[in-house]
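Structure first, commentary second.
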Amino acid sequence: MAGPIRVAACHAAPVFLSAKATTQKAISFIKNASKNKANLVIFPETYIPAFPVWSALRAPTHNHDLFKRMASQSIYADGDEIQALQAAAQETKTYLSIGISEKTRFSSGTLFNSNIMIGPDGRVLNLHRKLMPTFFEKLTWAPGDGHGLSAISTPFGNIGALICGENTNPLARYSLIAQAEALHISTWPAAWPTRVSNAGSTPDPGANYDNVAANRIRAAAHCFEAKAFGVLCSGHLDESAIQIIVAGTENAEHITHVLRTSQRGVTMYLDPTGAPIPGFTVDSETGEKREADFLQKEEGILYADLNLADCVEGKQYHDVVGGYQRHDVFQLTVNRERQVPIRFLDPPPAPVERQNHSVEDISSSRC
């Protein structure tokens, strides 16, 4: 291994439903992290162009315009936005992991919740489509496939990623553990409202889903089982996003209250036992490092220096894909074929007849 890897987890808000502007914001974060010697820069779930939290709060019949905007601003995996990110990764010599809402060329309305990983040479290393959209996400995204269940080999160690609720899926997690994953990226939305209190009332912390605890527990369980470091990277919800989400609704005041009082996701680091480890921020003006356990309510970049060689010791105790597994009892098969809606079996082109005539033949035929 190449020694410690400096990870930069970007706790950032998109320019809501603007793919071009969000891409440019991402590039500014990448360059900032590179100045602080980051080797890997991470962005949250569907950072480009947004996370569709409106589906948790507005009736589906009220969301057609927002879905159209989401489809319009979702991006192709080989589109202009990705090419700009590839160029930024190559320029800064950094690995990049970023969540996107991916659109396809086979449909005008099929979208995938995807994570794309780019190498420091600008090559796309992996494109993973979330296996199953969670809860209200099904109103926006189609189920993905196993094609992207890959841990990427780097000089620092193998790096894998799962998106939000996938970190609840033990088979998906085992698929990455079985590829010697040493650093696990889990990406999350800025907020996850499931129950709401009435506007004007005091928020009841027990009334809503505690997504901070749930995310930490899931990620920590994976770190403990994989004996891998973990980074949770959550989005940030800003006021401009709230205004777009509530625009045109009859209960705008209520939805605004819910969004402003819903628990925010956190960005943090875990060690190979699942225990939290502090990261640090860097003052943009002075360059001063400040220790921070997590980022939650403000945008920023949380850094950590991780030596992935430290994952080895725990494998002595529980190597769940090796010495602590019974391959004669349990077997897992993963289909990593990219799923497509149709396969065209076009006939081969008809052979072209060639007539080879000599000059003498042509001359004689004209006589």
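No hydrogens, no waters, no symmetry mates; every other heavy atom, side chains included, goes into these values.
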Quick one about [Y] and [X] (side-chain donor to acceptor, distance below 3.5 Å, no hydrogens or angles considered), yes or no?
{"X": "Gln86", "Y": "Gln90", "value": "no"}
{"X": "Ser114", "Y": "Glu102", "value": "yes"}
{"X": "Asn158", "Y": "Gln179", "value": "no"}

Go through the structure and list residues passing salt bridge (charged side-chain N to carboxylate O under 4.0 Å, His left out) with Glu288, not counting sequence neighbours.
->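 With neighbours one apart ignored, the set is Arg290.
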Only counting residues at least two apart or in another chain, list the ones meeting salt bridge (charged side-chain N to carboxylate O under 4.0 Å, His left out) with Glu181.
->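 Result, salt bridge (charged side-chain N to carboxylate O under 4.0 Å, His left out) vs Glu181: none returned.
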Distance-only donor-acceptor hits, side chain of residues 308-316, under 3.5 Å, sequence neighbours excluded:
from, atom 1, to, atom 2, distance (Å)
Glu313, OE2, Tyr317, OH, 2.9
Lys315, NZ, Ala226, O, 3.2
Gln316, NE2, Glu313, O, 3.2

Less than 3.5 Å apart, which donor and acceptor atoms pair up between the side chains of residues 339-350 and the rest of the protein, not counting sequence neighbours?
from, atom 1, to, atom 2, distance (Å)
Gln339, NE2, Glu337, O, 3.0
Arg343, NH2, Glu337, OE2, 2.9

Are any side-chain N or O atoms of Arg129 and backbone N or O atoms of Gly148, one a donor and one an acceptor, separated by less than 3.5 Å?
->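 Side chain of Arg129 to backbone of Gly148: no pair is present.
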Please identify each residue that fulfils side-chain hydrogen bond (donor to acceptor under 3.5 Å, both in side chains) with [X], with sequence neighbours left out.
{"X": "Arg173", "answer": "His222, Glu225"}
{"X": "Trp192", "answer": "none"}
{"X": "Gln83", "answer": "none"}

Look at Asp145 together with Arg338 and state whether they make a salt bridge at an N to O cut-off of under 4.0 Å.
->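 Between Arg338 and Asp145 there is a salt bridge, with a charged N closer than 4.0 Å to a carboxylate O.
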Hey, are Asp305 and Lys37 close enough for a salt bridge, meaning a charged N less than 4.0 Å from a carboxylate O?
->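 A salt bridge is absent here (no side-chain N lies under 4.0 Å from a carboxylate O).
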Could you work out, with side-chain contact (heavy atoms from CB on, under 4.5 Å) as the rule, every residue matching [X], not counting sequence neighbours?
{"X": "Lys138", "answer": "Met132, Pro133"}
{"X": "Pro278", "answer": "Glu291, Asp293"}
{"X": "Lys31", "answer": "Ile27, Glu91, Thr92"}

Excluding sequence neighbours, so at least two apart, what forms ring pair (Phe, Tyr, Trp, His ring centres under 6.0 Å) with Phe224?
->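 Partners of Phe224 under the ring pair (Phe, Tyr, Trp, His ring centres under 6.0 Å) test: His318.
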Apply ring pair (Phe, Tyr, Trp, His ring centres under 6.0 Å) to Tyr47 and list each qualifying residue two or more places apart in sequence or on a separate chain.
->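 For Tyr47 the ring pair (Phe, Tyr, Trp, His ring centres under 6.0 Å) partners, ignoring immediate neighbours, are Phe43.
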Quick one: closest heavy-atom pair of Cys10 and Cys233, and the distance?
->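 It is O-SG, 3.3 Å.
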Among Gln325, Gln331, Arg326, which residue meets the side-chain hydrogen bond (donor to acceptor under 3.5 Å, both in side chains) test with Asp328?
->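 The passing option is Arg326.
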Assess whether side-chain contact (heavy atoms from CB on, under 4.5 Å) is satisfied between Tyr269 and Val7, documenting all intermediate values.
-> CA-CA 10 Å; Tyr269 293 93; Val7 183; 3.7 Å; yes
Could you please spell out the steps behind the side-chain contact (heavy atoms from CB on, under 4.5 Å) verdict for Thr23 and Ile75?
-> CA-CA 10 Å; Thr23 301; Ile75 63 176; 5.6 Å; no
Go through the steps to decide whether Thr46 and Trp141 satisfy the test side-chain contact (heavy atoms from CB on, under 4.5 Å), and finish with yes or no.
-> CA-CA 11 Å; Thr46 61; Trp141 292 307; 3.3 Å; yes
Single-linkage hydrophobic cluster Leu237~Phe51, side-chain heavy atoms < 4.5 angstrom =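 Linked, Leu237 and Phe51 end up in one cluster.
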